[in-house]
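When a residue number appears, it is its place in the shown sequence, counting from 1. Values below: all heavy atoms of this structure, side chains included; hydrogens, waters and symmetry mates excluded.
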Amino acid sequence: MPKNKLDPSKWVDQYADYLFNYTITRVNDAIVAEDLVQETFLAGLKSAKNFKGEAAERTWLISILKRKIIDHYRKINSNKGKAEVRMGFSNREEQEGDWLEDNVADPFDINAEDALQNEELGMAIQECLMKLPKKQADVFIKKTIQGMDTEDICKELNISASNLWVIVHRARTALMDCLENNWFKK
């Protein structure tokens with residue numbers, strides 16, 4: 001029997017602020033952050049039947065949100081993504097206007113170059129993680145990649161919550177510097 005259950009009727013009250021704060025630090029745009037949180041709730045509702053109860057409800061929602069954030073950056077960083085969202089409003093001679101799709105890319109059309117670029121980025125992230133001090137890498141992986149709760153990480157590593165966030169911040173800064181110097185310049 002699953003340990004955890006979903007209660008979508010309480011998601012907004014219990015998790016909206018947390019998910020928004022998580023997102024805003026990653027996208028730096030309140031409107032985009034709100035949209036991504038809404039998309040997360042919608043995706044959660046659509047895939048609720050797949051919830052196995054092995055993770056906490058919030059952890060499960062965060063894992064969905066992480067994918068939404070990644071998709072957001074993929075879309076804005078690719079030419080295909082830019083074409084995907086273009087809509088034009090045509091209002092000829094004071095008649096009622098119509099929304100016209102300009103170019104809509106197939107979201108499942110990932111070419112070999114995209115796949116190679118994703119693989120290269122993944123390898124660059126792994127290389128940069130290996131350059132971090134062990135404690136920084138451990139905390140970053142547990143919090144950001146594995147999505148562990150702050151309290152669990154603090155207990156496991158015997159650190160305070162404020163210390164955890166300082167370590168995560170330093171790890172993010174070091175990773176961004178490393179990626180900028182080793183991957184983005186290519």
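- Between atom CZ of residue Arg58 and atom OH of residue Tyr18 there is a gap of 4.0 Å, rounded to the nearest 0.5 Å.
- One distance of note links NZ of Lys143 with CG of Leu157; it measures 12.5 Å at 0.5 Å rounding.
- Residues Tyr73 and Val27 meet the side-chain proximity criterion, which asks for heavy atoms closer than 4.5 Å.
- In this structure, Thr25 contributes its side chain and Tyr22 its backbone to a donor-acceptor pair below 3.5 Å.
- Atom NZ of Lys142 and atom SG of Cys154 lie 12.0 Å apart (nearest 0.5 Å).
- Within a 6.0 Å sphere centred on CZ of Arg172, heavy atoms belonging to other residues, nucleotides or ligands number more than 12.
- Follow the hydrophobic side-chain contacts under 4.5 Å out from Met148 and you never reach Val166; the two are in separate clusters.
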Exercise for the section: Output, in order, the C-alpha distance, side-chain angles, deciding distance and verdict of side-chain hydrogen bond (donor to acceptor under 3.5 Å, both in side chains) for Trp60 and Glu54. Expected result: CA-CA 9 Å; Trp60 183 71; Glu54 295 167 359; over 6 Å; no
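- Contacts classified as salt bridge (charged side-chain N to carboxylate O under 4.0 Å, His left out) and involving residues 9-29 (residues at least two apart or in different chains) are given here: Asp7-Lys10.
- Within 6.0 Å of CG in Asn158 there are 12 or fewer heavy atoms belonging to other residues, nucleotides or ligands.
- Using a 4.5 Å cut-off between side-chain heavy atoms of Ile, Leu, Val, Met, Phe, Trp and Tyr, with links allowed through other members, Val37 and Ile70 fall into different hydrophobic clusters.
- Put simply, the side chain of Asn4 does not reach to within 4.5 Å of the side chain of Glu57, judged on heavy atoms.
- Proximity of Ile159 to Val139: side-chain heavy atoms (C-beta onward) are separated by under 4.5 Å at one or more points.
- Of all non-hydrogen atoms in Gln146 and Lys66, the two that sit nearest each other are C-NZ, 4.2 Å.
- Considering all non-hydrogen atoms of both residues, Thr150 and Ala161 come closest at CG2-CB, 4.0 Å.
- Remark: Lys134 engages Asp138 in a salt bridge, criterion side-chain N to carboxylate O under 4.0 Å.
- Taking the charged nitrogens against the carboxylate oxygens, Glu127 and Lys131 have no contact shorter than 4.0 Å, which rules out a salt bridge.
- The shortest non-hydrogen separation linking Ile64 to Ser47 is CD1-OG, 4.3 Å.
- Summarising the geometry of Lys68 relative to Ala43, their closest heavy-atom pair is CE-CB, 3.8 Å, with the distance given to 0.1 Å.
- When hydrophobic clusters are built by joining Ile, Leu, Val, Met, Phe, Trp and Tyr residues whose side-chain heavy atoms come closer than 4.5 Å, directly or via intermediates, Trp11 is not grouped with Leu42.
- Between the CG atom in Asp35 and the NE2 atom in His72 there is a gap of 9.5 Å [rounded to 0.5 Å].
- Ala55 pairs by the side chain to side chain contact (heavy atoms under 4.5 Å, CB included) definition with Thr59, not counting sequence neighbours.
- With a 4.5 Å cut-off on side-chain heavy atoms, Leu65 and Ile69 count as touching.
- Atom-to-atom distance recorded for Glu180:CD and Leu175:CG is 11.0 Å, nearest 0.5 angstrom.
- With rounding to the nearest 0.5 Å, the separation of CZ in Phe51 from CG in Leu61 is 8.5 Å.
- Considering every non-hydrogen atom in both Ala33 and Phe20, the closest pair reads CB-CE1, 3.6 Å.
- Linking Ile, Leu, Val, Met, Phe, Trp and Tyr whenever their side-chain heavy atoms come within less than 4.5 Å puts Trp165 and Ile167 in one cluster.
- Without hydrogens or angle criteria, Lys135 side chain to Leu132 main chain gives no donor-acceptor distance under 3.5 Å.
- Residues Leu179 and Val168 are members of separate hydrophobic clusters, defined by side-chain heavy-atom contacts under 4.5 angstrom among Ile, Leu, Val, Met, Phe, Trp and Tyr.
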